[in-house]
Amino acid sequence: MVDITQIMRFDDLASKNSPIHNLEGRIKLISTILIILTCVIAKELFIPIILEIMLLILLKIADLSYWDSAKRLLMLLPFGGAIIIFQPFIQPGNIIWSYSWLHITDFGLNWAILLLTRMIVSLTAIILYSSTTPLQEMASSFRKLKMPRDLAMILSIMVRFLFLFVDELAAIRKSQKSRNFSIHSKNTSYKWRVKQVGYTIGMMFLKSYEQGERVHKSMVSRGFSDASEMFDEKKSPEKIDYIYIFSIIILIILLEIIIIKYSGNLGYFGRNFALN
């Protein structure tokens, strides 16, 4: 089981000092969305590959470990990878491999490669953003970009009390461990271990509910109402922020121009693999 305290390490990692970390939150969020959208609509491998190279350079500038980023990427890949695996077998095209009733087509294989490349680029962009932006700054960026007020307030409160939730869960797990409880132990029945995990989940639910009631009463006592607004630090983008986002926009435009004019010279990487 992954140590829940890693979430605190990730927030510490996002608070480091580097040219990418120091960018304004909205700029990083908009840049991440632009990269993902460009990658998702790309029909050729050339654009995602260049974007991935750019993201790897940005990871280096942000002084982030390639190994740690790769581990996080591998943890996320299975969620979409399960869909990609079946594409070579279900898409029409020329059969390049066959065994019994299983067939792999050339179009299906190329489509799966394009989907995998899109997914890797999108996840790398998200990892870069989450590794260089503290949780509270993420919530603030969404508010500044005009997220609905109620959703923005819920997100801000959730981020503020997430670490308290992690502390409570860590204390419960430490208490269970001190009593020699382990979910992987073979000395007790599986049914009993599942029941204890259920008790833990129920306890966390009750603690969260009680904490939410206390926080709400505390906020009301300080004048909170439905019309209240969360405090938002006024921070304007600087020159380096505009240079960063305009550089990404210019790169995306150049890639689109290259695809339109020179796709025939790019060989396999310039071929259109999208579904018709």
Side-chain angles (χ1 to χ4, degrees), residues 1-2 6-7 10 13-14 20 28-60 62 64-133 138 248-249 251-260 262-276:
M1 184 179 293
V2 179
Q6 283 188 357
I7 190 171
F10 289 150
L13 184 67
I20 307 299
K28 288 185 282 187
L29 178 58
I30 294 173
S31 300
T32 301
I33 294 174
L34 278 176
I35 292 171
I36 293 175
L37 288 178
T38 303
C39 179
V40 168
I41 64 176
K43 299 178 180 179
E44 301 82 7
L45 285 173
F46 177 73
I47 292 179
I49 289 175
I50 298 300
L51 290 177
E52 181 67 14
I53 293 173
M54 179 198 71
L55 289 171
L56 291 176
I57 294 173
L58 293 178
L59 284 171
K60 185 65 176 179
L64 297 174
S65 168
Y66 284 145
W67 176 243
D68 289 341
S69 300
K71 287 193 292 184
R72 295 176 66 182
L73 179 64
L74 291 174
M75 289 174 60
L76 296 170
L77 270 180
F79 291 97
I83 299 175
I84 297 174
I85 289 175
F86 293 103
Q87 297 304 314
F89 301 98
I90 63 176
Q91 297 297 338
N94 299 320
I95 298 175
I96 59 176
W97 181 87
S98 178
Y99 179 79
S100 183
W101 54 272
L102 288 176
H103 305 286
I104 293 180
T105 64
D106 55 353
F107 179 79
L109 183 60
N110 291 331
W111 174 241
I113 293 173
L114 178 61
L115 286 181
L116 180 62
T117 308
R118 287 175 174 177
M119 185 176 180
I120 290 175
V121 175
S122 299
L123 291 178
T124 304
I126 292 172
I127 289 171
L128 175 65
Y129 176 64
S130 62
S131 299
T132 57
T133 311
M138 289 184 192
I248 291 178
I249 293 174
L251 175 62
I252 291 173
I253 293 174
L254 288 176
L255 291 177
E256 294 294 342
I257 293 174
I258 291 173
I259 285 297
I260 293 173
Y262 305 105
S263 59
N265 299 326
L266 298 174
Y268 180 79
F269 300 104
R271 290 172 56 185
N272 187 332
F273 293 139
L275 293 172
N276 294 325

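Of all heavy-atom pairs spanning Ile113 and Tyr268, the tightest one is CD1-OH, 3.5 Å. Between Ala112 and Ile84 the shortest heavy-atom distance is O-CG2, 3.5 Å.
The side-chain heavy atoms of Asn110 and Leu45, taken from C-beta on, include no pair separated by under 4.5 Å. Using a 4.5 Å heavy-atom threshold, the side chains of Leu266 and Glu44 count as separate. Counting only heavy atoms from C-beta outward, the side chains of Thr124 and Leu59 approach each other to under 4.5 Å. Using a 4.5 Å cut-off on side-chain heavy atoms (C-beta onward), Leu51 and Leu255 make contact. Considering only heavy atoms from C-beta on, Lys28 stays 4.5 Å or farther from Leu128 through its side chain. A 4.5 Å side-chain heavy-atom check between Met138 and Leu29 finds every atom pair outside the cut-off. Between Ile258 and Ile47 there is no side-chain heavy-atom pair separated by less than 4.5 Å.
With values rounded to the nearest 0.5 angstrom, Ile35 atom CD1 is found 10.5 Å from Ile249 atom CD1. The distance from atom CG of Leu254 to atom CG of Leu251, rounded to the nearest 0.5 Å, is 6.5 Å. Put simply, CE on Met75 and CG on Leu77 are 11.5 Å apart, with the number rounded to the nearest 0.5 Å. Distance CG/Leu34 to SG/Cys39: 12.5 Å, rounded to 0.5 Å. For the atom pair CD1 (Ile20) and OG1 (Thr133), the distance works out to 10.0 Å, reported to the nearest 0.5 Å. Note that CG of Leu114 is 4.5 Å distant from CZ of Arg118, once rounded to the nearest 0.5 Å.
Within the 3.5 Å criterion, the main-chain N or O of Ile252 finds no donor-acceptor partner in the side chain of Glu256. Looking only at distances, no side-chain donor or acceptor of Tyr129 sits under 3.5 Å from a matching main-chain atom of Ser31. Side-chain N or O atoms of Ser263 include none that pairs as donor or acceptor with a backbone N or O of Ile260 at under 3.5 Å.
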* **Stepwise side-chain contact (heavy atoms from CB on, under 4.5 Å) test for Ile36 and Ile126** => CA-CA 9 Å; Ile36 293 175; Ile126 292 172; 3.9 Å; yes
* Verdict with supporting geometry, Thr117 and Glu52, side-chain contact (heavy atoms from CB on, under 4.5 Å) -> CA-CA 9 Å; Thr117 308; Glu52 181 67 14; over 6 Å; no
* Show your reasoning for whether side-chain contact (heavy atoms from CB on, under 4.5 Å) applies to Leu64 and Thr132. => CA-CA 9 Å; Leu64 297 174; Thr132 57; 4.0 Å; yes
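The local environment of CZ in Phe86 is sparse, with at most 12 non-hydrogen atoms from other residues, nucleotides or ligands closer than 6.0 Å. Residue-environment remark: CD1 (Ile41) exceeds the threshold of 12 foreign heavy atoms within 6.0 Å.
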